[in-house]
2 protein chains.
Amino acid sequence: MANLITKTTELAMTVTLSYVRKGDVAVDATCGGGYDTAALARAVGPEGRVYAFDIQKKALIMTESRLRSHGISNVRLIRESFVSMSSHIAENSAAAVVFNLGYLPGGDHSITTTAETTAEGLEAALRTIRPGGIVTVVMYDGHEAGAEEKKMVLEWAEALDQSRYHAAYVSMINQEKNPPEILWITKKGRE
Amino acid sequence: MANLITKTTELAMTVTLSYVRKGDVAVDATCGGGYDTAALARAVGPEGRVYAFDIQKKALIMTESRLRSHGISNVRLIRESFVSMSSHIAENSAAAVVFNLGYLPGGDHSITTTAETTAEGLEAALRTIRPGGIVTVVMYDGHEAGAEEKKMVLEWAEALDQSRYHAAYVSMINQEKNPPEILWITKKGRE
C-alpha cells in the first residue's frame, strides 16, 4: 500500500488522474523518465491523447522506451520547451497538465527548469486546461535554483484570481530535508 | 467527476481511504452527520471496525440513521470526546483517524471543538494509528475559534519529530473566503 503522504509524486498523480477520463487530452510538460507520461496515457486510453514535452533528447529517449515497453502509442513526444504547448494544443481543451520542476533524474543537473520559463509555462498550462481541469506542479527545492523557482511559483499561485482558479499547495510542514511539494490548480467554470 | 481540489472533504477522504484495507480498524473522531463514518465503514468492510466519537447526541442520532439506511453494522458509536479514544482502541492499531474540526453542520454553533481538547485528541490519534497509518484533520477557520484552533494545530504539526511523523498541509493559497483546509500526518516505521 502506497503511503501517499510520504510519496509526493504518487499523491500528485493520484489526484491528477481523478480529473482524467478516457478520450481526454492530457499534457506532460516535463516528461523526464516518462512515468507520468505513461500514467496519463493509460488514463486517457487509446481514444485519448497525451502531449509530452522535454527539451532534453535523453528524456525523450527514456520516455519513448518506457512507452514502447508498455505498448502505449497514444503519446505525441515533442522536443520543445513546455512554453510552446499553446502552439500544439487548443485552449481550454486538456484535462490535466503535469509539471515536474527541477532537473532530469540521472541527467545533467545543470539543465533545470528556471523561474522564468516556468512562469511562462504555467500561464500556458492555465490557458490549456479546460474548466474543471487541473494543473499539477511537483516542486523540488533541494537545489538552489529550485528554491528560487518554488518561491516564484507560489507567489504566482497566491495571486491567481480566486473567482477563476482554485490553488491548493501541499507543504511538508515538519520536514527539514526539502522533500518535494505539490501545487494543484483547477480552473473554475462549467465542468 | 469530483473536482477534488475544490471539494476539500472529498480530497481529504480520497487520500485517507487509500490507507485503509478490508479488516482494518478506523476512527471517526468527530462523526458529525456520519458521512466519513459511513465511508470508513465501507472501506474496512464487515470484517473491520470503525469507532465513531461525538459529544453531541444529535450527531450520533444522525450518524446512526445514516448507517442504518446504508445497512452498515460494523460501527461502534461512542458518545464521548475524541480525547478518550485511547481507552477504547489499542495503540498502534488503527489505519486511520479522521477529524472534522469546528461545529456540527446544522447543529448548535456554540458547540465547537476547541484548541485545548483538539491538541489532546491529536496526540491520542498519533498514538492510535499504526505505522503507515494516517491522521486526517479537516480544519475550518470561518469562525473565530476555528482560526485560533487551526493556528494551534499547524504549530503543533510543524513541531512533530520528522523522523517519526510526516505532516502534509494542504492550504488553499489564493482563496480569501476561508475554505476548509487539510492536515495529513502519517506515522513512519514498518508499514
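Atom set for the values below is all heavy atoms of this structure, side chains included, hydrogens, waters and symmetry mates excluded. All chains are named by letter (A, B, ...) in the order of the sequence lines, taking the proteins before the strands, and each is independently numbered beginning at 1.
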Output for pair (A:T186 OG1, B:K7 NZ), nearest 0.5 Å, gives 9.0 Å
Would B:N174 and A:Y165 count as having a side-chain donor-acceptor pair, cut-off 3.5 Å?
no
CG of A:N3 to NZ of B:K188: how many Å apart, nearest 0.5 Å?
9.5 Å
Is there a donor-acceptor contact under 3.5 Å from the side chain of A:Q175 to the main chain of B:A167?
no
Less than 4.5 Å apart, side chain to side chain, heavy atoms only: is that true for A:Y169 and B:V170?
no
Which portion of A:L11 sits near chain B, non-hydrogen atoms under 4.5 angstrom
side chain
Between CH2 on residue A:W184 and CD1 on residue B:I173, distance to nearest 0.5 Å:
12.0 Å
Are B:L126 and B:V153 grouped together when hydrophobic residues (ILVMFWY) are joined by side-chain heavy atoms under 4.5 angstrom apart?
yes
So what's closer than 4.5 Å to chain A heavy atoms on B:I182: side chain, backbone, both or neither?
neither
ILVMFWY cluster, A:F82 and A:Y51 together (side-chain gap under 4.5 Å)
yes
Could you check which of A:S171, A:A159, A:A157 has the highest count of heavy-atom pairs closer than 4.5 Å to chain B?
A:S171
Would you find more than 12 non-hydrogen atoms of other residues, nucleotides or ligands less than 6.0 Å from B:E80 atom CD?
yes
Tell me whether B:V97 shares a hydrophobic cluster with B:V44, the cluster being built from Ile, Leu, Val, Met, Phe, Trp, Tyr side chains joined at under 4.5 Å.
no
Verify the neighbour count for atom NZ of B:K22: are there more than 12 heavy atoms of other residues, nucleotides or ligands below 6.0 Å?
yes
Greatest number of heavy atom pairs closer than 4.5 Å to chain B - which of A:H166, A:E158, A:K177
A:H166
With side chains defined as the heavy atoms from C-beta onward, is the minimum distance between B:I5 and A:I185 less than 4.5 Å?
no
Region of A:E176 that comes under 4.5 Å of a non-hydrogen atom in chain B:
both
How many angstroms lie between CG in B:L4 and OG1 in A:T16, if you round to the nearest 0.5 Å?
10.0 Å
Linking I/L/V/M/F/W/Y whenever any side-chain heavy atoms sit under 4.5 Å apart, do B:V25 and B:M13 land together?
no
Under 4.5 Å between side-chain heavy atoms, hopping through other hydrophobics if needed: is there a path connecting B:V75 to B:M85?
no
